[in-house]
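Naming convention: chains lettered A, B, ... in sequence-line order (proteins, then strands); numbering from 1 in each chain. What you are looking at is a predicted structure, and each value in this text was computed from that prediction instead of being measured.
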Amino acid sequence: AKLAGYLCNPSSNDYSVERLCAEYAVEAGGEFEEEIYKNTALLTGVCDTLENRLGESGQARVLTDIELPLSTVLADMEKTGFLVNAEGLKSLGEELLERSNEIKKEIYEIAGTEFNVNSPKQLGEILFEKLNIPSGKKTKNGYSTSADILDGLRYDYPIVDKVLSYRQLTKLKSTYCDGLLSAVSEDGRIHTTFNQTEARTGRISSLEPNLQNIPVRTDEGKKLREFFIARDGYTLCDADYSQIELRVLASIADDKNMIAAFNSGVDIHTATASEVFGIPVDMVLPIMRSRAKAVNFGIVYGIGAFSLGKDIGVSRKEAQMYIDNYLKTYNGVARYMDNVIMHAKENGFVTTYFGRRRYLPELSSSNHMVRSFGERVARNAPIQGTAADIIKIAMVNVYNRLKSDYPDSKLILQIHDELIVECPEKDKDAVCRLLEEEMQNAADLKVTLSVDAHSGKNWLEAKG
DNA sequence: CTCCGAGTCAGG
DNA sequence: CCTGACTCGG
């Protein structure tokens, strides 16, 4: 009932039978001697209603073929958990504490006073009032001290550089070293909880602890992944989709140029730059690729010139020019983006390739901000949601094949476009091939899905 | 002591 | 665009 309720309205936040009965006007009817009989009647009634709704909205298969079988897979993943090297986490935590304390002292010296660096309020006062560093005003209660503001000041003001370093170290220490350590169970493993009815796009989320946001982008953060390990005699196999969301976009927009770009085998951002700037692939400069990459991301997110300009540090006007050129190159994407909003305004919802819905009441708001938000979501949700559907299908298929062919191998984690299996060492190559095959074949799109799989004794190594 | 919003930052 | 955790401060 909960999963059916989620599919009927993924924007809700309570799928209890009680709440569902209220939402869909289900009543038990008659008198009941005991509470449990009444609850059973309500549950039966609400299941009938939801089943009908799913049939009418074309989501019956999303429930029966994706979400219900997935729930078993997720339960098994939670139960299995991920083995960690707790000693390693602990000593890294101690090292981070020492280093952050050093930096904290240096910050106090430059500031000429001791204060709580972790308090944005106090930090803002020190930096932008006491030290008169130019501020890029913002926030309700004062100055913004966020990384994107401080980043532009770090080379001119040593204290800013130190604050950013301090923040990085304390983040790693508190959220990851301490946070993960407190989540290690008796068996030495971390058992996250997967929430299957939280994300409005159809993704799953991970909490207590969140294993879907373990650092990877910085070298400092990456080290953490060495402490996520396979048990003795076992290996980790890690497989991830390459550019799944852009491939989904190329396919559902049926954009001939973007499909050709993927089929060319050239790195997609380089290929995009080559198309947009009208130059050969080998003439693409790093800055051009970087711009093209930002636009590719921006398009997937449904963002406009304002956010894009802010992201890549150019004017709104210049950003608009990039977007215009991009949409001229990928005119199928342009057509798709218009159509999806038209459809959404007509029907009040958008759908993924597999029929999953998201309702968008924001589109009929009289508030421009709210409406624009609705339009960005309308552009993004089908893409993000289709990618989520695809990896869910892959997970169910991987789970079934492992269970029959490699019963000692276990799926242990999903991170939106990535799957991790812990398998006996001798099976690692076969399991990598299995992952690649099932992930690639999870959906038949107009662009082939590309998957890279690697193995290793720890997560960092298995990432390849 | 608990709760909550805001700010910040980790991932996709 | 989609999430979750930690910290501060009320």
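Atom NZ of A:K223 has more than 12 heavy atoms from other residues, nucleotides or ligands within 6.0 Å. Atom CZ of A:R433 has more than 12 neighbouring heavy atoms from other residues, nucleotides or ligands inside a 6.0 Å radius.
Between A:V398 and A:E438, the shortest heavy-atom contact is CG2-CB, 3.6 Å.
When the C1' atom of C:dC2 is taken as reference, atom CD1 of A:I415 falls 16 Å away, rounded to whole Å. Between the P atom of C:dC6 and the CG atom of A:N213 lies a distance of 10 Å, rounded to the nearest Å. Note: CG (A:L123) to P (C:dT7) measures 16 Å, nearest angstrom. Rounded to an integer number of Å, the gap from A:E245 CD to C:dC2 P is 12 Å. Spacing between atom CD of A:E362 and atom P of C:dC1 amounts to 11 Å, rounded to whole angstrom units. Atom-to-atom, CG of A:D311 to C1' of C:dC1 comes out at 11 Å; the value is rounded to the nearest Å. If you take OH of A:Y176 and P of C:dG4, they are 13 Å apart, rounded to a whole angstrom.
Of the candidate nucleotides C:dG4, C:dC2, C:dG9, C:dG4 has the atom nearest to the side chain of A:K171.
In this structure, A:R189 contributes its side chain and A:G81 its backbone to a donor-acceptor pair below 3.5 Å. A donor-acceptor contact shorter than 3.5 Å links the side chain of A:N347 to the backbone of A:H343. Counting only distance, with no hydrogens or angles, the side chain of A:R357 and the backbone of A:Q59 share no donor-acceptor pair below 3.5 Å. Listed for the A:Q196 side chain is a donor-acceptor partner under 3.5 Å among the backbone atoms of A:E67. Side-chain atoms of A:S307 do not come within 3.5 Å of backbone N or O of A:G304 as any donor-acceptor pair.
Electrostatic pairing of A:K90 and A:E87 does not count as a salt bridge here, judged by no charged N lying under 4.0 Å from a carboxylate O. With salt bridges taken as basic N to acidic carboxylate O contacts below 4.0 Å, one links A:R99 and A:E95. Remark: A:K79 does not engage A:D76 in a salt bridge, criterion side-chain N to carboxylate O under 4.0 Å. Salt bridge status for A:K105 with A:E109: absent, with no side-chain N to carboxylate O gap under 4.0 Å.
Residue A:Q384 is classed as a base contact, given a heavy-atom separation below 4.0 Å to a base. Counting any heavy atom pair closer than 4.0 Å across all strands shown, A:E418 reaches no nucleic acid atom. Counting any heavy atom pair closer than 4.0 Å across all strands shown, A:I214 reaches sugar-phosphate atoms only and no base atom. Residue contacts for A:T170: at a heavy-atom cut-off of 4.0 Å it reaches no nucleic acid atom on any strand shown. Contacts of A:Q122 with the nucleic acid, taken as non-hydrogen atoms under 4.0 Å apart, involve only primed sugar atoms and P, OP1 or OP2. Among the atoms of the strands shown, none is found under 4.0 Å from any heavy atom of A:F297.
Annotation: proximity of residues 442-464 of chain A to DNA chain B (heavy atom, distance under 4.0 Å) is found for no residue. The stretch residues 298-306 of chain A comes close to DNA chain C through A:Y301, each having a heavy atom under 4.0 Å from the strand. Near-neighbour residues of DNA chain C inside residues 177-205 of chain A, defined by a heavy atom below 4.0 Å, number-ordered: A:G179, A:E198, A:A199, A:R200, A:T201, A:R203, A:S205. DNA chain B lies under 4.0 Å from at least one heavy atom of each of the following residues of residues 144-162 of chain A: A:S144, A:T145, A:S146, A:A147.
An OP1 or OP2 oxygen of C:dG9 is reached within less than 4.0 angstrom by a side-chain nitrogen or oxygen of A:S119. The side chain of A:N116 places an N or O atom within less than 4.0 Å of a non-bridging phosphate oxygen (OP1 or OP2) of C:dC8. A:R167 has no side-chain polar atom (N or O) that falls below the 4.0 Å cut-off from OP1 or OP2 of C:dT7.
At least one test fails for A:R356 against the ring of A:F354: distance under 6.0 Å to the centre or angle within 45° of the axis.
The footprint of chain A on DNA chain B, defined by a heavy-atom cutoff below 4.0 Å, extends from B:dA6 to B:dG12.
Partners of A:Y359 according to the ring pair (Phe, Tyr, Trp, His ring centres under 6.0 Å) rule, which considers only residues two or more places apart in sequence or in another chain, are A:F349.
Taking the six-membered ring for Trp and thresholds of 30 and 60 degrees, A:W459 and A:F82 have ring planes inclined between 30 and 60 degrees apart. Using cut-offs of 30° and 60° for the angle between ring planes, the A:Y301 and A:F297 rings count as tilted.
The only member of A:D267, A:N296, A:N257 that meets side chain to side chain donor-acceptor pair (under 3.5 Å) when paired with A:T272 is A:N296.
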